[in-house]
Amino acid sequence: SCQVFYIGMDEHMLAEVAVTPNPFSTYATIDLGEGNYAVRIMDITGRLVREDKSATGTVTIDRGTMTSGVYFLTVIGNNGETRTSKFIVE
């Protein structure tokens, strides 16, 4: 029999990142859990719309000046792990 051991795994591994509600018209939230993450929001053209280099816990995305359309949220952990999800602003 073969046993697998994981050594040096980060205890704060990113789960899938969900923007809720999606779509939204005024604000939405993402739950990052424990740990410290960089959060980037880009529009459909790849233009950086917002960035928070030190996000943790529950983060609120306020529509602010974001126009209606498709956006991409990228969350990056301290270990370089990255998760990207798509969301829509109505």
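Please read all numbers here as calculations on a predicted model, not as lab measurements. Excluded from the calculations below are hydrogen atoms, water molecules and symmetry mates; all remaining heavy atoms, backbone and side chain alike, are included.
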Across all chains, not counting sequence neighbours, the salt bridge (charged side-chain N to carboxylate O under 4.0 Å, His left out) partners of Glu90 are none

Which ILVMFWY residues are connected to Ile88, directly or by a chain of links, through side-chain heavy atoms under 4.5 Å apart?
Ile44, Val70, Phe72

Gap between atom NZ of Lys53 and atom CD1 of Ile76 - 0.5 Å precision
10.5 Å

Minimum-distance pair of heavy atoms, taken over all atoms of Tyr37 and Gly77:
CD2-CA, 3.5 Å

CG of Asp31 to OG1 of Thr20: how many Å apart, nearest 0.5 Å?
8.5 Å

How about Arg63 and Ser68: does a side-chain donor come under 3.5 Å of a side-chain acceptor?
yes

Closest contact, heavy atoms only, Val19 versus Ala28
CG1-CB, 3.6 Å

Please name the residue in the list Leu73, Val39, Ile41 that meets the side chain to side chain contact (heavy atoms under 4.5 Å, CB included) test with Arg50.
Ile41

If you group Ile, Leu, Val, Met, Phe, Trp and Tyr whenever their side-chain heavy atoms sit less than 4.5 Å apart, what else falls in with Leu48?
Met42

With Phe87, which residues qualify under ring pair (Phe, Tyr, Trp, His ring centres under 6.0 Å), at least two apart?
Phe24, Tyr71

Side chain of Thr84, backbone of Thr74: donor and acceptor closer than 3.5 Å?
no

On a heavy-atom basis, the closest approach of Ala55 and Leu32 is CB-CD1, 3.8 Å

Sequence-distant partners of Thr26, side chain to side chain contact (heavy atoms under 4.5 Å, CB included), two or more places apart
none

Any donor-acceptor pair under 3.5 Å linking the side chain of Asn22 with the backbone of Lys86?
yes

Sequence neighbours excluded, which residues qualify as side-chain hydrogen bond (donor to acceptor under 3.5 Å, both in side chains) partners of Thr60?
none

Please determine, by modelled atom types, if Ser54 and Asn36 share a side-chain donor-acceptor pair under 3.5 angstrom.
yes

